[in-house]
Amino acid sequence: MTSAWRLLQVVAAAAVLAWNCPARAATDIALWHAMSGELGRQLEKLVSDFNASQPDYRIVPSYKGNYTETVTAAIFAFRSRSQPAIVQVNEVATATMTAAKGAIYPVFTLMRDENEPFSLADYLPAVSGYYTDAAGNLLSFPFNSSTPILYYNKTMFRDAGLDPEKPPQTWPELGVVAKRLRDRGVACGFTTSWPSWIHIENLSAFHNLPLATRANGFAGLDAELTINNPVVVHHVARLAEWQKSKVFDYSGRGQSAEPRFQNGECGIFIGSSATRADIRANSKFEIGYGIMPYWPDVRDAPQNSIIGGATLWVLRDRPREEYKGVARFFSYLSQPGVQAAWHQNTGYLPITRAAFELTRAQGFYDRNPGSAISFEEITLHPPTENSKGIRLGSFVLIRGVIEDELEQAFAGQKGAQAALDSAVERGNKLLRQFERAGPDR
């Protein structure tokens with residue numbers, strides 16, 4: 001009885017102690033992002049699932065506007081020491097983030113410091129390679145990545161006597177098919193979104209051509225643009241020629257072309273693989289899918305496409321405990337099941353081959369024709385120095401310059417060679433300004 005009484009006293013004391021010492025609160029970790037609408041809801045779900053999976057850390061997402069607004073907010077917050085631990089940054093700002101050496105906490109260093117399992121070999125080279133340094137170390141965490149694919153209106157193909165199961169695979173084939181559609185009364189043969197991303201950046205990578213010297217900027221800030229080469233000039237000249245008869249019809253910058261395909265105005269559309277779900281939801285016809293076209297007379301084409309999208313960057317000068325949670329969060333995001341669900345629910349690429357294999361085993365690609373094309377494109381061949389990605393400073397501004405010159409070519413105000421020569425001259429001035437402002441100068 002005495003032993004039993006003592007045991008009860010110990011249990012009672014422990015209960016009182018537990019009552020007076022509440023459980024340690026989870027550490028909050030701020031994540032600033034640029035995802036709105038359905039993508040924002042998917043991100044909220046992803047974060048909520050992570051928070052529910054463990055009691056120690058709570059990711060707190062905050063929408064800060066578009067990519068430019070989000071990174072600008074983070075920069076100003078860093079100056080006032082109120083920065084988040086994680087910020088989502090689009091791929092073309094990678095050089096800008098890399099140059100801010102004192103502000104960023106490289107992902108490979110973070111994972112090593114926090115003893116979280118991490119192997120770069122698990123990630124797709126065409127995705128991770130865009131965000132590594134010269135030594136192959138991952139600087140930011142790949143999050144939402146997409147690549148251009150071809151969409152076409154199968155109903156229009158049938159009406160024009162075209163095989164609805166055979167999308168055009170080369171640019172010459174695309175020209176023939178689009179002309180056939182025009183001859184049958186379709187208002188616009190084909191159009192595209194994101195002009196520079198598709199017709200300059202991905203065109204160059206898919207044909208294994210350098211966009212710029214110094215390994216597209218990966219090897220140094222002293223890179224110079226090379227987009228006025230014969231292949232790109234020929235491509236832009238052909239688009240300008242097609243523009244006259246609306247075999248190709250320019251629709252503007254960004255995603256402004258997408259509604260023209262959805263409402264049946266254009267028979268073919270080349271745009272981001274991540275818009276696939278949106279196109280399916282808003283189109284009232286049967287949709288077909290194909291790879292991004294290539295010029296068959298270019299020796300190494302097709303090589304592999306490159307990505308767009310964004311990554312998660314970790315910022316310095318946050319409490320150490322937050323970084324433990326960030327590393328745990330990145331490990332969670334890398335799990336095949338988590339990554340496969342993100343890929344399937346958003347249309348973004350899986351960042352690991354394991355997530356792709358799991359998605360295939362689950363029958364997702366069989367149930368959703370065309371959904372594997374983006375993965376097949378970026379893994380078509382191992383990335384080369386020309387198709388790994390782009391690491392050029394001020395590239396948001398350079399894209400604007402390129403698109404300005406493309407618009408003049410499409411409008412017949414400049415020849416293709418003159419337009420691309422001007423894009424190179426103007427773009428190089430921006431590169432030199434960025435180089436002079438670099439931290440090593």
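Note that the numbering runs from 1 along the sequence shown for the chain. All values below were derived from every heavy atom in this structure, side-chain atoms included, with hydrogens, water molecules and symmetry-related copies excluded.
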Heavy atoms of S387 and I306 approach each other most closely as O-CG2, 3.3 Å
Does R276 make a cation-pi contact with Y289 (under 6.0 Å, within 45 degrees of the axis)? yes
Cation-pi between R316 and Y105: NZ/CZ under 6.0 Å from ring centre and within 45° of the ring axis? yes
Does the side chain of T384 reach to within under 4.5 Å of the side chain of Q303, using non-hydrogen atoms? yes
Charged N to carboxylate O under 4.0 angstrom, D222 versus R432? no
Salt bridge (charged side-chain N to carboxylate O under 4.0 Å, His left out) partners of residues 68-79, not counting sequence neighbours, each pair once: none
Tell me if the aromatic rings of W313 and F141 count as close, with their centers under 6.0 Å from one another. no
Would you check if E322 and T27 make a side-chain contact, meaning some heavy-atom pair closer than 4.5 Å? yes
Geometric class of the F248/Y250 ring pair [parallel <30°, tilted 30-60°, perpendicular >60°]: tilted
Ignoring hydrogens, what is the shortest heavy-atom contact between A372 and Y365? Give both atom names and the distance. CB-CD2, 3.6 Å
In sequence, state the C-alpha distance, the side-chain angles, and the governing distance for H33 and S62, and then conclude on side chain to side chain donor-acceptor pair (under 3.5 Å). CA-CA 6 Å; H33 67 90; S62 297; over 6 Å; no
Any idea which heavy atoms bring S371 and S374 closest together, and the distance? O-OG, 4.0 Å
Should the pair D366-R360 be classified as a salt bridge under the 4.0 Å nitrogen-to-oxygen rule? no
Taking all non-hydrogen atoms of both residues, which atom of V326 and which atom of A85 are closest, and how far apart? CG2-CB, 4.1 Å
I need the E405 CD to I200 CD1 distance, nearest 0.5 Å. 10.5 Å
Check: F108 ring centroid to Y131 ring centroid under 6.0 Å: no
Using the ring of each side chain (for Trp, its six-membered ring), is F190 parallel, tilted or perpendicular to W171, with breaks at 30° and 60°? tilted
Less than 6.0 angstrom from the centroid, inside 45 degrees of the normal: does K154 satisfy that with respect to the ring of F285? no
Does the side chain of Q362 reach to within under 4.5 Å of the side chain of Q344, using non-hydrogen atoms? yes
Go through it in stages, so that I can follow the logic: the residues are R299 and H207, the test is side chain to side chain contact (heavy atoms under 4.5 Å, CB included), and I'd like the CA-CA distance, side-chain angles, deciding distance and then a yes or no. CA-CA 8 Å; R299 178 181 173 184; H207 294 80; over 6 Å; no
Examine the side chains of H235 and W295 and answer whether a donor and an acceptor come within less than 3.5 Å of each other. yes
